[in-house]
A.B. asks: 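Structure below; questions to follow.
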Amino acid sequence: MKITALIVALIIGNMASGQVSVDRNLNLELAEKNEAKSKLLEKSLNGFLAEAQSRNFTSRFVDPLHQEKYEFFFAKLSGIGAKSGDFFNPTVLKSYSPDGEVYRLTVGFYGARDGNPFIYQMTELKAVPFEDHYRFYCPFEENTAHFNDKTFGTVTYHFSGDFDEIKAAEFARFKGELSALTDTQNQELDYYCFQDLDELLKSYGFLYSARQCNFLCYDLGFTDNGGSTYVTGTANENYIFGYVGDFLGYNLPDEEQMYRPIVEGLATYYGGYGLSYDNLDELKSQFRDELEKRPALDFLEEFKKGRKSSINRHFSAYVMGAFLCEDALNKGSFEGVLKLIYSGAKGESFFENLNDVLGIDEGNFHESMLRLIGT
């Protein structure tokens, strides 16, 4: 991406440090014709961004309940600009108030790496008067106030574009079934079905984010607000793949002991893989094709590579995890799947559990995969 000379000029300034001092684009006023309020907004913003940089939000600048509700928003601000060698001072690009009290501020985070300037993130914040200063909020509620609502069972959908009721009903049914399988309460869920990633990010106030624009990050689907909100930028009312892992993490104990290849495998079993939506039959076909091209392929070796191994751009371990989940469920054992999931964060007890559940160990893993993919 080319950055114009004008933008480069805007980002030149002092490097960020433990204390944050924002620049104001073209010396704009944060509160028009009110110097005292402008200074208070700027001082409060400096304090908030210093807390964000240090990953330590306090109740002075952030409402704790609001922070809990919008975990994604504060997580994306946490630590921003901490690498002082890369980042310049944050720059306030825009400030306005619809009522003279609450302000909407647009802040740009810029820097340079190896002499090359970059734009990292452009974020809109809501500033609300609190005691003798301002607190800062995510603008999500205002940005989605025009959305339509529709409820299916315990799932209330929020959307701005076309809406597929059949897929929505399928997701609501699946959510109930997953709650029953895990012996957990089928709690109310708000499902924000965004038309695309851009709409999702802008609803949270992220006008631009290098992480989401250049890499797959949270854009597939994630839960917020303690697991009671599900958000996806896939324009899919039945995006199961992005939901399963977070559901397990929020509703079952000891998330730190869950083994990611089986968690993602279960998500793939129920929802197809990622954004490709390839189902198990299609994934098995891809594995057979890969084996034909690479007869010496060892599935145990590929599984142990974790995310360093992919077949048809799918992480091999996750797909093999889906095949193992299918095998366990075909034997009528969701408890078996849960045992595989609880194999430790690094799979410390995975092969022991796998042998207990399916009679598969390292010695017959490759041959078992050949059986599961139908060779």
Side-chain angles (χ1 to χ4, degrees), residues 30-32 41 62-63 65-77 92-108 121-130 134-172 175 187-209 211-213 217-240 242-243 246 275:
L30 271 64
E32 189 175 3
L41 274 166
V62 176
D63 180 338
L65 293 178
H66 185 78
Q67 182 182 358
E68 182 179 339
K69 185 174 183 179
Y70 295 104
E71 299 169 83
F72 173 67
F73 176 79
F74 289 97
K76 273 183 62 62
L77 287 172
V92 183
L93 303 173
K94 182 179 178 181
S95 175
Y96 75 96
S97 174
D99 58 9
E101 293 296 324
V102 175
Y103 281 80
R104 300 285 284 264
L105 306 173
T106 301
V107 182
Q121 192 164 288
M122 296 177 67
T123 305
E124 185 180 41
L125 306 168
K126 183 173 72 170
V128 178
F130 178 74
Y134 284 84
R135 275 178 164 178
F136 294 88
Y137 292 76
C138 172
F140 188 90
E141 292 180 11
E142 292 82 358
N143 290 345
T144 58
H146 64 287
F147 278 29
N148 299 308
D149 301 332
K150 207 168 195 57
T151 299
F152 294 80
T154 60
V155 183
T156 297
Y157 280 87
H158 308 272
F159 54 95
S160 65
D162 295 335
F163 187 74
D164 189 327
E165 294 193 7
I166 294 176
K167 294 175 74 173
E170 288 174 351
F171 179 86
K175 177 176 172 292
Q187 299 178 341
E188 301 288 331
L189 179 74
D190 286 296
Y191 189 135
Y192 283 86
C193 187
F194 291 105
Q195 298 180 68
D196 50 39
L197 173 60
D198 191 55
E199 185 183 44
L200 184 160
L201 291 173
K202 286 180 178 177
S203 293
Y204 273 95
F206 298 113
L207 307 181
Y208 173 77
S209 172
R211 283 181 293 181
Q212 266 68 27
C213 291
C217 212
Y218 283 95
D219 46 338
L220 301 180
F222 60 92
T223 54
D224 212 343
N225 192 19
S228 64
T229 298
Y230 180 51
V231 177
T232 179
T234 62
N236 185 348
E237 298 82 358
N238 189 24
Y239 190 53
I240 290 173
Y243 179 72
D246 281 4
L275 285 175

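One-based numbering along the sequence shown. What's counted below: heavy atoms across the whole structure, side chains too, no hydrogens, waters or symmetry copies.
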A.B. asks: Aromatic contact between Tyr191 and Phe152, with the criterion being ring centroids under 6.0 Å apart: yes or no?
C.D. replies: no
A.B. asks: Specify whether Phe140 and Tyr70 have parallel, tilted or perpendicular ring planes, treating 30° as the upper limit for parallel and 60° as the lower limit for perpendicular.
C.D. replies: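 Rings of Phe140 and Tyr70: tilted, as their planes differ by 30° to 60°.
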A.B. asks: Holding to side-chain contact (heavy atoms from CB on, under 4.5 Å), I want the full list of residues that pass it with Ser160, two or more places apart in sequence or in another chain.
C.D. replies: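 With neighbours one apart ignored, the set is His146, Phe147, Gln195, Glu199.
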A.B. asks: Can you name the nearest heavy-atom pair linking Leu105 to Ser95, along with the distance?
C.D. replies: CD2-OG, 3.0 Å
A.B. asks: Report the residues that fulfil salt bridge (charged side-chain N to carboxylate O under 4.0 Å, His left out) with Lys150, sequence neighbours left out, ordered by chain and then residue number.
C.D. replies: Glu165
A.B. asks: Test of understanding: with side chain to side chain donor-acceptor pair (under 3.5 Å), list the residues that count as partners of Thr144, not counting sequence neighbours.
C.D. replies: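 Result, side chain to side chain donor-acceptor pair (under 3.5 Å) vs Thr144: none returned.
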A.B. asks: Got a second to check how far Phe222's CZ is from Tyr239's OH, nearest 0.5 Å?
C.D. replies: 12.0 Å
A.B. asks: Compute whether any side-chain donor of one residue and acceptor of the other, for Asn236 and Lys167, lie under 3.5 angstrom apart.
C.D. replies: yes
A.B. asks: Using the test side chain to side chain donor-acceptor pair (under 3.5 Å), find all partners of His158 that sit at least two apart in sequence or belong to another chain.
C.D. replies: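 Result, side chain to side chain donor-acceptor pair (under 3.5 Å) vs His158: Asp149, Asp190.
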A.B. asks: Among residues at least two apart in sequence or on other chains, which ones pass side chain to side chain donor-acceptor pair (under 3.5 Å) with Asp63?
C.D. replies: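 Asp63 satisfies side chain to side chain donor-acceptor pair (under 3.5 Å) with no residue once adjacent residues are dropped.
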A.B. asks: Mind checking what makes side-chain contact (heavy atoms from CB on, under 4.5 Å) contact with Ala235, not counting sequence neighbours?
C.D. replies: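 Ala235 satisfies side-chain contact (heavy atoms from CB on, under 4.5 Å) with no other residue.
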A.B. asks: Scan residues 98-107 for pairs that pass salt bridge (charged side-chain N to carboxylate O under 4.0 Å, His left out), counting only residues two or more places apart or in two chains.
C.D. replies: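 Checked against salt bridge (charged side-chain N to carboxylate O under 4.0 Å, His left out) - neighbours excluded - the pairs reaching residues 98-107 are Arg104-Glu124.
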A.B. asks: Checking Lys126 now: which residues fulfil salt bridge (charged side-chain N to carboxylate O under 4.0 Å, His left out) with it, not counting sequence neighbours?
C.D. replies: Glu142
A.B. asks: Just jot down the salt bridge (charged side-chain N to carboxylate O under 4.0 Å, His left out) partners of Glu68, sequence neighbours excluded, or say none.
C.D. replies: none
A.B. asks: Return the CZ to CG distance between Arg135 and Leu125, rounded to the nearest 0.5 Å.
C.D. replies: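 One gets 15.0 Å once the value is rounded to the nearest 0.5 Å.
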A.B. asks: Who passes salt bridge (charged side-chain N to carboxylate O under 4.0 Å, His left out) against Glu141, sequence neighbours left out?
C.D. replies: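 Applying salt bridge (charged side-chain N to carboxylate O under 4.0 Å, His left out) to Glu141 gives Lys69.
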A.B. asks: Using the side chain to side chain donor-acceptor pair (under 3.5 Å) criterion, which residues pair with Asp196? Sequence neighbours excluded.
C.D. replies: none
A.B. asks: Checking Gln121 now: which residues fulfil side-chain contact (heavy atoms from CB on, under 4.5 Å) with it, not counting sequence neighbours?
C.D. replies: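 Result, side-chain contact (heavy atoms from CB on, under 4.5 Å) vs Gln121: Lys76, Leu77, Ile80, Phe109, Thr123, Phe206, Ser209, Arg211.
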